[in-house]
> 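Once you've had a glance at the structure underneath, I'll fire off some questions.
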Amino acid sequence: MREAQRADGKINLSGVWRGLYSSQTIDFPISFVATLLERGRTLSGVTEETRSTVSSNSKSARNKAQIDGMRHSRLVDFIKTYDDQALGLFRVNFAGLVSRDASEIAGQWSRQDGTGGTFLMVRQSHLVEADEQASDIEA
């Protein structure tokens with residue numbers, strides 16, 4: 001929670017986040033890592049996700065995207081823009097709610113073709129703290 005709070009007590013979403021997104025048309029959730037930078041009310045950043053491809057040689061595809069958006073209080077809206085050589089430029093809209101301690105963002109995603117689903121992002125530092133706490137309990 002340390003980096004979630006600025007000196008003035010307001011939240012800041014800058015940092016590394018791990019996330020999952022899913023929908024009824026996706027067989028299993030897709031994981032991603034997002035690096036966010038918040039300045040004022042604007043959000044920017046990058047994401048990277050790795051998808052396993054179904055083929056005989058078990059290749060993985062890496063998709064990178066840019067993030068541009070806004071935060072107003074605990075509401076977040078951003079667009080992920082992929083520049084995929086095979087698929088061309090496409091955008092995905094995300095709208096979510098930041099948890100009170102600024103450790104999670106959860107919400108909905110949608111594409112222009114009408115597909116969509118849910119997403120959850122967890123601040124990287126909170127995952128590390130949870131792992132450390134679990135290790136303390138097991139010891």
Side-chain angles (χ1 to χ4, degrees):
M1 213 172 359
R2 291 177 297 277
E3 72 236 12
Q5 299 284 334
R6 297 188 319 211
D8 60 7
K10 295 183 180 180
I11 63 172
N12 186 294
L13 302 181
S14 295
V16 177
W17 297 76
R18 295 207 175 264
L20 293 171
Y21 68 88
S22 62
S23 77
Q24 293 179 344
T25 59
I26 300 174
D27 292 335
F28 50 89
I30 302 209
S31 64
F32 64 91
V33 176
T35 302
L36 299 179
L37 177 61
E38 181 176 12
R39 289 187 180 153
R41 290 180 41 196
T42 63
L43 288 174
S44 61
V46 294
T47 67
E48 184 173 328
E49 59 195 53
T50 304
R51 294 184 186 203
S52 296
T53 58
V54 180
S55 68
S56 58
N57 56 9
S58 300
K59 290 184 180 178
S60 292
R62 288 192 170 208
N63 295 320
K64 294 184 180 184
Q66 293 291 124
I67 291 178
D68 291 295
M70 302 283 291
R71 180 178 67 83
H72 180 70
S73 185
R74 291 180 42 225
L75 300 175
V76 175
D77 288 300
F78 61 88
I79 296 173
K80 274 175 64 172
T81 304
Y82 294 86
D83 189 4
D84 186 291
Q85 291 179 347
L87 300 174
L89 188 69
F90 70 95
R91 295 184 168 114
V92 181
N93 298 308
F94 287 76
L97 182 65
V98 179
S99 65
R100 291 197 186 280
D101 67 354
S103 65
E104 296 183 359
I105 304 171
Q108 304 288 317
W109 64 270
S110 63
R111 292 189 344 190
Q112 196 169 9
D113 66 4
T115 59
T118 60
F119 77 95
L120 173 66
M121 298 169 61
V122 178
R123 192 182 291 270
Q124 177 70 37
S125 62
H126 288 271
L127 293 172
V128 171
E129 289 173 10
D131 285 346
E132 290 172 354
Q133 289 173 358
S135 295
D136 291 343
I137 292 170
E138 291 173 2

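This structure is a prediction, so every number in the text was calculated from the model and none was measured.
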> Which distance, rounded to the nearest 0.5 Å, do you find between the OG1 of T47 and the CD of Q66?
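Going from the OG1 atom of T47 to the CD atom of Q66 covers 8.5 Å.
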
> Do you know the tightest heavy-atom contact between V122 and E104?
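Result for this residue pair: CG2-CG, 4.1 Å.
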
> Using atom types as modelled, flag every donor-acceptor pair under 3.5 Å from a side chain in residues 24-34 to any protein atom, sequence neighbours excluded.
unit_1 : atom_1 : unit_2 : atom_2 : d
T25    : OG1    : S23    : OG     : 2.9

> Do you know the tightest heavy-atom contact between R111 and R91?
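It is CG-O, 4.1 Å.
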
> Between R123 and L13, does the side-chain contact (heavy atoms from CB on, under 4.5 Å) criterion hold? Intermediate values first, please.
CA-CA 9 Å; R123 192 182 291 270; L13 302 181; 3.9 Å; yes

> So which atom in S103 and which in W17 form the shortest heavy-atom distance, rounded to 0.1 Å?
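So the two residues come closest at O-CZ3, 3.5 Å.
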
> Examine distances only and state if a side-chain atom of R71 and a backbone atom of L43 form a donor-acceptor pair shorter than 3.5 Å.
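Absent.
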
> With hydrophobic residues grouped by side-chain heavy-atom distances under 4.5 Å, do I67 and L20 end up in a single group?
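Different hydrophobic clusters.
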
> Run through the side-chain heavy atoms of Ile, Leu, Val, Met, Phe, Trp and Tyr, join any pair under 4.5 Å, and report what else lands in L97's cluster.
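L75, which link up through side-chain heavy atoms under 4.5 Å apart, make up the rest of the cluster.
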
> Is there a path of hydrophobic side-chain contacts, each under 4.5 Å between heavy atoms, that joins L36 and Y82?
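Yes, it is one cluster - the side chains of L36 and Y82 are joined through contacts under 4.5 Å.
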
> Does S14 use its side chain to pair, donor to acceptor, with the backbone of E38 at less than 3.5 Å?
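Confirmed, S14 side chain pairs with E38 backbone.
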
> Say whether F90 and F119 are linked into one hydrophobic cluster, either directly or through other cluster members, by side-chain heavy-atom distances under 4.5 angstrom.
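Yes: a chain of side-chain contacts under 4.5 Å links F90 to F119.
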
> Measure the CD1-CZ distance between I79 and F94 for me, rounded to the nearest 0.5 Å.
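If we round to the nearest 0.5 Å, I79:CD1 and F94:CZ are 10.5 Å apart.
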
> Write down the atom of S44, the atom of D68, and the distance for their closest heavy-atom approach.
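So the two residues come closest at CB-OD1, 4.2 Å.
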
> Measure up the W109 and Y21 rings against each other and bin them: parallel (under 30°), tilted (30 to 60°), perpendicular (over 60°).
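Ring orientation, 0 to 90° scale: perpendicular.
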
